[in-house]
2 protein chains.
Amino acid sequence: MQNSVSALTLRIACSSCNLRELCLPVDLSNAELEHLDALTSIKRSYHRGDFLYRSGDKFTSLYAIRTGFFKTQVLHEDGREQVTGFQMAGEIIGLDAISSEIHACDAIALEDSEICELPFDQLEALSRELPALQRHLHKIMSREIVRDQGIMLLLGSMHAEERLAAFLLNLSQRFAARGYAANAFELRMTRQEIGSYLGLKLETVSRTLSQLQSNGLITVHNKSIELSDVRRLFDLVGQHPAAPL
Amino acid sequence: MQNSVSALTLRIACSSCNLRELCLPVDLSNAELEHLDALTSIKRSYHRGDFLYRSGDKFTSLYAIRTGFFKTQVLHEDGREQVTGFQMAGEIIGLDAISSEIHACDAIALEDSEICELPFDQLEALSRELPALQRHLHKIMSREIVRDQGIMLLLGSMHAEERLAAFLLNLSQRFAARGYAANAFELRMTRQEIGSYLGLKLETVSRTLSQLQSNGLITVHNKSIELSDVRRLFDLVGQHPAAPL
DNA sequence: CATGTATTTTGACCTAGATCAAACGCAATT
DNA sequence: AATTGCGTTTGATCTAGGTCAAAATACATG
């Protein structure tokens, strides 16, 4: 039981977090989980539009998303921007900063959100004590590499329609893993942000969504999406429904 | 001094490897380096075209490239392929397989090559003992994530000419870091492989190289490349020469 | 509720790169 | 030297998606 907490620096125990099935504690025994509570993980709140960190900031911590939705983006010097990912509850962000100890991208809240700040030094020290945590941390980083390779495949060799289908199916699967409806959800990001992520212009995103709708694969009403024919969406990306993106 | 070795399972000591400035031992003290020698790292040779591993193979080890050149590629079910990277001496490959313990891509030698096989269980165990090694392993993984994000930016928002310029400058910098000439080198890969990596067709790669040549930025003779005007190449990618790709 | 601002949709047109096809160069083989 | 075969270059066309512009819709704020 937690008491006498400040609003800004509420210490959070992983063992009592309802995201423990998705987040850092995956694969840890109860005994190990208690050790993880030794981590001084701080809960913080962000409003829509707030920066969790900025490119160039000194790296100290990874961040586990408790609630809400973030995007990460890299800015090119000439003003071009590339959204590199959309992150939701249970996902860990900040991994790109470990290499240089300086954040390489911006992380921005797309809706009001809460995160757990995980001081990386402590996380490393603890993972020397807990092999299961060490392995899981490695898996999280490796998973990010695999994800990025999937996006490279998408950007390098898929058409607009396939990119959108893959994007929507990926969101669907991640919502489903969190207990939300897989076939109907609200987009948290603009067409422009989707386009940046998928290497398309916002007009193309809009047109392609309309086209998927008129072909009966989805229903779009502004930011609300319904997947009407998941089978044909999977056909479009040339994947079996079992395989994650 | 090493004696009585078999051709296939030569044990290699990191402490006596001339790649230690680039590879796993970076940032380790001499004392730590000796511990790293406890790792049963096995040297193996591959011929041009050989697979180091295939997508679907069980993951056991990371691989450090001692000499030679590799490509990694992911194959889409419908036959599309995407080259996800070209790797040279001192670079570590196989990181993508940690997450699922199954390799997610193919790794293929582009010329006769030698690698060090690094059993991952042992590497993890050792990195629990050596914080500097642990940190370095994390940095290697993080650097791969940053690299992938750079490619996402390239694929998502750059034109053919910019992609080729960025590609050539990146190779140049990596050759330079290994003591080779920065401004003249041989490509180890085909136009088709470059195209797959950069999200372009091989004809576009060829045309764009010709165009860079006629603009005086490079000289191309088949696989041999000379960077004639590095300054303007950097201008093209909108980067200052100091910044790595 | 009215007004101003951002986002989305849709249309008309344009272009970078894809596609298709042919010729060329170079290395290995006979 | 001729043959074969792969990789590369170059040309002629085509098209998916970009660009530019305007209208429609949603959203925020006084």
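Order of the sequence lines sets the chain letters (A, B, ...), proteins ahead of strands, with each chain counted from 1. What's counted below: heavy atoms across the whole structure, side chains too, no hydrogens, waters or symmetry copies.
- Salt-bridge check for B:Lys223 with B:Glu186: failed, with every basic side-chain N at 4.0 Å or more from each acidic carboxylate O.
- One atom, NE2 of B:His159, and another, P of D:dG18, lie 10 Å apart when rounded to the nearest Å.
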Only pairs under 3.5 Å count here: list side-chain donor-acceptor contacts from residues 208-219 of chain A, not counting sequence neighbours, and write none if there are none.
residue  : atom : partner  : partner atom : Å
A:Thr208 : OG1  : A:Thr204 : O            : 2.6
A:Ser210 : OG   : A:Ser206 : O            : 3.0
A:Gln211 : NE2  : A:Glu161 : OE2          : 3.1
A:Gln213 : OE1  : A:Val220 : N            : 2.8
A:Ser214 : OG   : A:Ser210 : O            : 3.4
A:Ser214 : OG   : A:Gln211 : O            : 3.1
A:Asn215 : ND2  : A:Gln211 : O            : 3.4
A:Thr219 : OG1  : A:Ser228 : OG           : 3.1

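- Applying the 3.5 Å distance criterion, the base of C:dG17 shares no donor-acceptor pair with the side chain of B:Arg163.
- With salt bridges taken as basic N to acidic carboxylate O contacts below 4.0 Å, one links A:Glu193 and A:Lys71.
- Rounded to whole Å, atom C1' of C:dT7 lies 13 Å from atom CG of A:Leu209.
- What separates CG of A:Leu155 from P of D:dA16 is a distance of 19 Å, to the nearest Å.
- Spacing between atom CG of B:Leu212 and atom P of D:dT8 amounts to 16 Å, rounded to whole angstrom units.
- Here the side chain of A:Ser206 is nearest to one of D:dT8, C:dT9, C:dA18, namely C:dT9.
- Distance B:Glu162 CD to C:dA16 C1': 12 Å, rounded to the nearest Å.
- One atom, CD of B:Gln211, and another, P of D:dG11, lie 13 Å apart when rounded to the nearest Å.
- When the nucleotides C:dC20, D:dT8, D:dG17 are ranked by their closest atom to the side chain of B:Arg207, C:dC20 comes out on top.
- A cation-pi arrangement, defined by a distance under 6.0 Å to the six-membered ring centre and an angle within 45 degrees of its axis, is absent between A:Arg178 and A:Tyr180.
- A heavy-atom distance below 4.0 Å to DNA chain C is reached by these residues of residues 187-203 of chain A, ordered by number: A:Thr190, A:Arg191, A:Leu202, A:Glu203.
- Salt-bridge annotation for A:Arg80 and B:Glu162: present, with a side-chain N of the basic residue lying under 4.0 Å from a carboxylate O of the acidic one.
- Taking the six-membered ring for Trp and thresholds of 30 and 60 degrees, B:Tyr53 and B:His103 have nearly parallel ring planes, at less than 30 degrees apart.
- Under the 30°/60° scheme for interplanar angles, the aromatic rings of B:Phe86 and B:Tyr197 are found to stand perpendicular.
- Nucleotides of DNA chain D nearest to A:Asn222 and A:Glu161 differ in position, and the one nearer the 5' end is that of A:Glu161.
- Counting to the nearest Å, the P atom of C:dG17 and the CE atom of A:Met158 are 21 Å from each other.
- One finds no side-chain N or O of A:Lys223 lying less than 4.0 angstrom from the OP1 or OP2 phosphate oxygen of C:dT7.
- Between A:Ser210 and C:dT10, a side-chain N or O to OP1/OP2 separation shorter than 4.0 Å is present.
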